[in-house]
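This report refers to the structure that appears directly beneath it.
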Amino acid sequence: MVIWVLTSSILSALVAGGGSYLISRKLSHAKLEVQIEQANAKAKAIEYEAEKLLQESKMKAKDIELEAKLRSDRESNRILKEHEANLLLFEKEKLAQSQKLEKEACKIEHEKHLLHKDRNALFKEQESLKKLKTAYNTKLEELTQNLSKVANLTKSEAKQMFLERIKEESKLEAAKLIREQETQAKETAKGRANYILAMATSRFAGEFAAERLIQSIALPSDDLKARIIGKEGRNIKTLEMICGVDIIIDDTPNVIIVSSHNLYRRAIAVETINRLLEDGRVQPARIEEIYQRCFNEFEENIYKEGERVVLDLGISGIHPEVKKLIGRLRYRASYGQNALAHSIEVANLAGIIAAELGGDCLLATRAGLLHDIGKSRTHDFKGTHVELGAEIARRYNEPAEVLNAILSHHGDEEIKSIEAAAVCAADALSAARPGARREVLENYLRRVSEMEKIATSKMGVLHAYAINSGREVRVIVKSEDISDDEAYLLAREIAKDIESSLQYPGEVKVSVIRETRACAVAE
């Protein structure tokens with residue numbers, strides 16, 4: 001019984017499983033067919049899209065091809081037009097050149113004709129000259145014979161007498177000609193010199209640097225004055241003794257003054273005091289240490305300064321010690337004018353003047369830079385700056401032209417070269433220009449003021465102005481008081497008064513301006 005039930009269960013299970021398998025297989029087959037249909041539909045859609053894209057690409061390709069063809073046609077037309085324009089321009093230029101050549105040919109032919117004409121005239125003049133010479137010899141022979149007959153002289157004695165008379169007359173004519181040539185040469189030389197000086201001064205614009213003999217040092221606090229003075233004045237005495245300057249401490253708040261004629265010492269002293277104030281330890285030993293450090297730095301800096309100036313001017317072969325002396329001129333002044341700035345200015349001007357006169361430009365520049373080199377030692381050695389400068393030039397084997405420039409720029413020796421003459425002229429220009437030195441500036445301002453005062457003191461003068469660096473006085477007069485003829489007399493009168501009462505270089509031009517203005521208003 002149990003076996004039968006078991007067998008029935010197994011058979012039922014087999015029947016159920018087989019049915020399920022058949023059903024699932026049938027369902028899978030149906031699903032697969034649906035998927036295949038969907039895939040076929042998608043493939044057809046993709047194929048349709050591809051065909052559509054292909055058609056669009058063909059249309060775009062045709063459009064691009066058409067556009068490229070149009071662009072090529074336009075470019076060809078443009079190039080053709082440009083070529084035609086260039087061709088037309090070339091033809092015009094060719095025509096212009098042809099016309100120019102024709103004109104040149106006509107001009108040459110005309111000049112050739114004139115030359116031929118002049119040549120013929122020259123031949124005629126030569127023939128005339130030969131005839132005159134023959135006639136002269138004939139007349140001379142006749143005069144000699146007549147003179148010998150009248151004076152009972154031989155032919156040779158009469159001829160010698162006549163020739164001596166001609167010789168005397170020729171000497172007089174020659175002397176007259178020489179005087180005329182000398183006058184003309186002087187006028188030409190003066191004009192040439194004025195041109196060279198004007199061009200030199202116009203091509204160089206120097207900087208004016210006035211030096212003072214005192215320098216103020218600002219203090220952060222007035223209490224630092226006591227520290228600088230020190231106990232019983234030890235610190236300030238040490239500073240003054242080591243630095244060689246005068247230190248003035250007065251009631252001026254937060255300021256001390258360093259005074260010295262030696263600008264180099266003063267600069268070192270100012271730097272030493274500034275560093276002491278920064279350090280805060282103001283005592284004799286520290287003062288000596290910082291001063292020595294500042295001194296060494298200044299010595300190094302003046303050498304660099306001299307080397308920089310030499311390089312800027314394009315000069316070579318300067319001894320290192322001379323470069324150091326050149327840099328030291330930075331701390332030397334004359335009448336308020338800085339010596340180094342003056343030397344650089346003279347070097348530039350001398351080079352320009354020498355070049356115009358046919359001299360050696362670099363040698364003149366070198367001489368101009370070193371003409372006042374002795375001033376770097378006048379505080380330490382006895383003698384004038386000319387003597388000291390000449391000694392330096394000899395010691396370091398400077399060229400003879402440089403030595404001559406040093407000795408001649410103050411008249412200690414005659415000028416022996418163009419370069420020395422250029423240095424002398426440049427030195428006078430640099431020192432005498434308005435504003436270069438305090439003394440010259442004051443004289444210049446006083447002279448200009450006097451010129452204007454002389455002009456305004458005349459009757460009928462409205463205004464007077466000194467212009468062109470004091471070389472011209474422009475006077476404006478009242479037209480109702482001064483006539484045109486009186487204006488000329490007034491100009492001469494003012495010029496005469498200026499000439500008699502003032503001292504000035506060159507000439508002063510007086511211009512009197514008289515004008516009448518008529519005004520009316522339209523309403």
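Because only heavy atoms are used, hydrogens play no part in the values below, and waters and symmetry mates are left out as well, while side chains stay in.
- Taking all atoms of both residues into account, the shortest heavy-atom contact from Leu369 to Ala347 is N-CB, 3.6 Å.
- Looking at every heavy atom in both residues, Val461 comes nearest to Thr456 through CG1-CA, 4.0 Å.
- Of the charged side-chain nitrogens involved, none lies within less than 4.0 Å of a carboxylate oxygen, so that Lys496 and Glu493 do not count as a salt-bridged pair.
- Using modelled atom types and a 3.5 Å distance limit, the side chains of Asp372 and His409 yield a donor-acceptor pair.
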Side chain to side chain contact (heavy atoms under 4.5 Å, CB included) for Arg514 and Ser479? Distances and angles first, verdict last. CA-CA 6 Å; Arg514 176 185 179 272; Ser479 58; 4.0 Å; yes

Show the numbers, then the answer: is there a side chain to side chain contact (heavy atoms under 4.5 Å, CB included) between Met459 and Asp481? CA-CA 8 Å; Met459 185 71 69; Asp481 296 340; over 6 Å; no

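- Asp497 and Ser500 get closest at one heavy-atom pair: O-OG, 3.0 Å.
- A salt bridge links Arg308 to Glu305: at least one charged side-chain nitrogen sits closer than 4.0 Å to a carboxylate oxygen.
- Taking a cutoff of 4.0 Å between a charged side-chain nitrogen and a carboxylate oxygen, Arg366 and Glu419 do not qualify as a salt bridge.
- Between Ser408 and Lys416 the shortest side-chain heavy-atom distance does not fall below 4.5 Å.
- For the pair Glu297 and Arg293, the salt-bridge criterion is not met [side-chain N within less than 4.0 Å of a carboxylate O].
- Between Leu239 and Leu276 there is a side-chain heavy-atom pair separated by less than 4.5 Å.
- For the pair Arg377 and Ile392, the minimum side-chain heavy-atom distance is below 4.5 Å.
- When all heavy atoms of Cys361 and Ala355 are compared, the pair lying nearest together is CB-CB, 4.2 Å.
- More than 12 heavy atoms of other residues, nucleotides or ligands sit less than 6.0 Å from atom CD of Glu82.
- The shortest side-chain heavy-atom distance between Arg328 and Leu340 does not fall under the 4.5 Å cut-off.
- Counting only heavy atoms from C-beta outward, the side chains of Glu401 and Asn404 never approach each other to under 4.5 Å.
- Put simply, the side chain of Phe295 reaches to within 4.5 Å of the side chain of Glu299, judged on heavy atoms.
- Smallest separation of non-hydrogen atoms from Ala426 and Val346: CB-O, 3.6 Å.
- Atom CD1 of residue Ile273 and atom CD1 of residue Ile268 lie 12.0 Å apart, to the nearest 0.5 angstrom.
- Side-chain contact between Ile326 and Leu370 is present, with at least one heavy-atom pair separated by less than 4.5 Å.
- Leu403 has its side chain within reach of Arg394: a pair of non-hydrogen atoms, C-beta onward, lies under 4.5 Å apart.
- Annotation for Leu329 and Ser376: closest pair CD2-N, 3.7 Å, computed over non-hydrogen atoms.
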Pair Lys382, Leu388 - check side chain to side chain contact (heavy atoms under 4.5 Å, CB included), show working. CA-CA 8 Å; Lys382 293 182 179 180; Leu388 295 173; over 6 Å; no

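- Look at Arg446 and Glu450 and you find no salt bridge, because none of the NZ, NE, NH1 or NH2 atoms lies under 4.0 Å from a carboxylate O.
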